[in-house]
A.B. asks: 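Here you go, one structure.
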Amino acid sequence: MPIRKIFFRIFQVLCGIVVGIILAEGFSRLVSPMGGSEFLFQAPENAPNGMYVTDKRLLYKPNPGFQAQSRSPGYCVPIRINENSLRGAAVGEKKKKRWLAVGDSFTFAAQVSEEDSFLGLLNQSEEREFLNAGADGYGTWQAQLRYKELDKELDLDGLLVVFFIGNDFHDNQHFQNAKRKASARPSGQPILAKSKHPVLSFLSRRSHLYAHWKIYQRAKLFSQQSPEQARWYSELMLFTEREMSVDMMQTTEKVLRDTQWYVDNNLMVAIAAPYFVVEQDRSDAAFSLVGLDPQLVKPDMPTKALIEVLERLGIAYCDLTPDLRSAYQQGEIPYLAYDGHWSRSGHRIVAQTLSKCFADVDRR
């Protein structure tokens, strides 16, 4: 066979492979990931490297002056962090009451633009100004510390704590021990993730097909009772019939009481639930994945426990779950498919709910 024909055949085969991959990628974007994708895909692995720096008091905080693109299947968002380690532009002249908002990745909201986040939307409509002091993995201790750190410098008037029911009870319980370990590290060092092959990094941030493969591979590891599964088992156990530990509840109550005293009761707690609490048709798969019996699940139990504490302390709160559930039942998609954070639609719903809650507090 002439060499020209051989090369032509090879070219045809390569073109067929490329077309096949493109078609498979397109099809994969139409297919929902398997249940428990939040635990399996691990979107935080796609976070821009160096977005956080070490901090002795807070464990870590957003890197001042940092700018990058946050990219993962479903979004590509610019991230900027100002000199105060807040997401967004530099803090300008104060023109209305200024509230600091602190919480975990749901508050930092790397999945949406600043304008489309619930804080950005509130800033467009509320009589208050909200500053975004969120960071992946933050709990209530960090909310209190960040407020104390920025209160005088930024002339703050109140604190919005976004309490993620999924793991903030755990984060609050273990914070002091983690802080002791962090005290041995110098502050200000960028936190860098383990390097991985550039091709895998590229695919992980862009390819839905690769996302499905990644989820499938990790699901097999979960079936072997991996340490990762044990971690999620511990956190999701709070949503079963088993009682929450006394120590866990007392720790959260203590930090809430201390925070309430420091901010002179200018405090609002927004209660944020995981996707499987709102989108309950995804609940069974999530709990089965980590080895928990779905029949034992009481999705609202941690929220009720937190509300009991808040009402006992007289702290204003805003339960976001009912409105998110209602929107989901009407066909909206409030959570992203792969990583379980709020979508643009979810942020809009949360902003509307918080606006109503603040209006109710103002009328009292």
A.B. asks: Side chain of D116, backbone of V112: donor and acceptor closer than 3.5 Å?
C.D. replies: no
A.B. asks: Do any side-chain atoms of residues 90-100 form donor-acceptor pairs under 3.5 angstrom with protein atoms, and if so which ones, sequence neighbours left out?
C.D. replies:
{"unit_1": "K94", "atom_1": "NZ", "unit_2": "D155", "atom_2": "O", "d": "2.8"}
{"unit_1": "K94", "atom_1": "NZ", "unit_2": "D155", "atom_2": "OD2", "d": "3.1"}
{"unit_1": "K94", "atom_1": "NZ", "unit_2": "D157", "atom_2": "OD1", "d": "3.3"}
{"unit_1": "K94", "atom_1": "NZ", "unit_2": "D157", "atom_2": "OD2", "d": "2.6"}
{"unit_1": "K96", "atom_1": "NZ", "unit_2": "E126", "atom_2": "O", "d": "3.0"}
{"unit_1": "R98", "atom_1": "NE", "unit_2": "E129", "atom_2": "OE1", "d": "2.9"}
{"unit_1": "R98", "atom_1": "NH1", "unit_2": "L154", "atom_2": "O", "d": "2.9"}
{"unit_1": "R98", "atom_1": "NH2", "unit_2": "G92", "atom_2": "O", "d": "3.0"}
{"unit_1": "R98", "atom_1": "NH2", "unit_2": "E129", "atom_2": "OE1", "d": "3.3"}

A.B. asks: Any idea which heavy atoms bring V309 and M249 closest together, and the distance?
C.D. replies: CG2-CE, 3.6 Å
A.B. asks: Determine, using ring centers only, whether F106 and H341 are less than 6.0 Å apart.
C.D. replies: yes
A.B. asks: Would you find a donor on one side and an acceptor on the other, under 3.5 Å apart, between the side chain of H347 and the backbone of S117?
C.D. replies: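 Not at all, since once roles are kept as given, no pair shorter than 3.5 Å links the two residues.
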A.B. asks: So, does S85 use its side chain to make a donor-acceptor pair with the main chain of N63 at under 3.5 Å?
C.D. replies: no
A.B. asks: Under the salt bridge (charged side-chain N to carboxylate O under 4.0 Å, His left out) rule, what pairs show up with a residue in residues 283-307, not counting sequence neighbours?
C.D. replies: D300-R325
A.B. asks: Is a donor on one side and an acceptor on the other found under 3.5 Å between the side chain of N123 and the backbone of F130?
C.D. replies: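 Here the side-chain-to-backbone pair exists.
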A.B. asks: Sort and list the pairs that fulfil ring pair (Phe, Tyr, Trp, His ring centres under 6.0 Å) and have at least one residue in residues 45-64, not counting sequence neighbours.
C.D. replies: Y52-Y60, Y60-Y138
A.B. asks: Give me the atom names and distance for the closest heavy-atom approach of N132 to T107.
C.D. replies: ND2-O, 3.0 Å
A.B. asks: Is there a donor-acceptor pair under 3.5 Å between the side chain of K179 and the backbone N or O of K56?
C.D. replies: no
A.B. asks: What about the rings of Y317 and F163, do their centers lie closer together than 6.0 Å?
C.D. replies: no
A.B. asks: Taking the six-membered ring for Trp, are F276 and F239 ring centroids under 6.0 Å apart?
C.D. replies: yes
A.B. asks: Closest heavy-atom contact between S245 and Q173?
C.D. replies: OG-NE2, 4.0 Å
A.B. asks: Checking the side chain of T54 only, and the main-chain atoms of Q189 only, is there a donor and an acceptor separated by less than 3.5 Å?
C.D. replies: yes
A.B. asks: Looking at K356 and D360, does any basic side-chain N land under 4.0 Å from a carboxylate oxygen?
C.D. replies: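 No salt bridge links K356 with D360.
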A.B. asks: Test: disulfide (SG to SG under 2.5 Å). Region: residues 301-358. Which pairs qualify, not counting sequence neighbours?
C.D. replies: C318-C357
A.B. asks: According to salt bridge (Lys or Arg N to Asp or Glu O under 4.0 Å), who are the partners of D247, at least two apart in sequence or on a separate chain?
C.D. replies: none
A.B. asks: Has R87 got a side-chain atom pairing as donor or acceptor with N82's backbone, closer than 3.5 angstrom?
C.D. replies: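 Between the backbone of N82 and the side chain of R87 there is no qualifying donor-acceptor contact (under 3.5 Å).
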A.B. asks: Any donor-acceptor pair under 3.5 Å linking the side chain of Q329 with the backbone of S326?
C.D. replies: no
A.B. asks: Would you say the side-chain atoms of S70 pair up with the backbone N or O of A47, donor to acceptor, closer than 3.5 Å?
C.D. replies: no
A.B. asks: Keeping E83 on the side-chain end and G65 on the backbone end, is there a donor-acceptor pair under 3.5 Å?
C.D. replies: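 Answer holds: no.
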A.B. asks: Filter on salt bridge (charged side-chain N to carboxylate O under 4.0 Å, His left out), then keep only pairs touching residues 310-322, sequence neighbours left out; what's left?
C.D. replies: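 Those involving residues 310-322 are E253-R312.
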A.B. asks: Would you say E153 and N84 are linked by a side-chain donor-acceptor pair, where the criterion is simply a distance under 3.5 Å?
C.D. replies: yes
A.B. asks: If you look at every heavy atom in M301 and T240, which pair is closest and at what distance?
C.D. replies: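 So the two residues come closest at CE-O, 2.6 Å.
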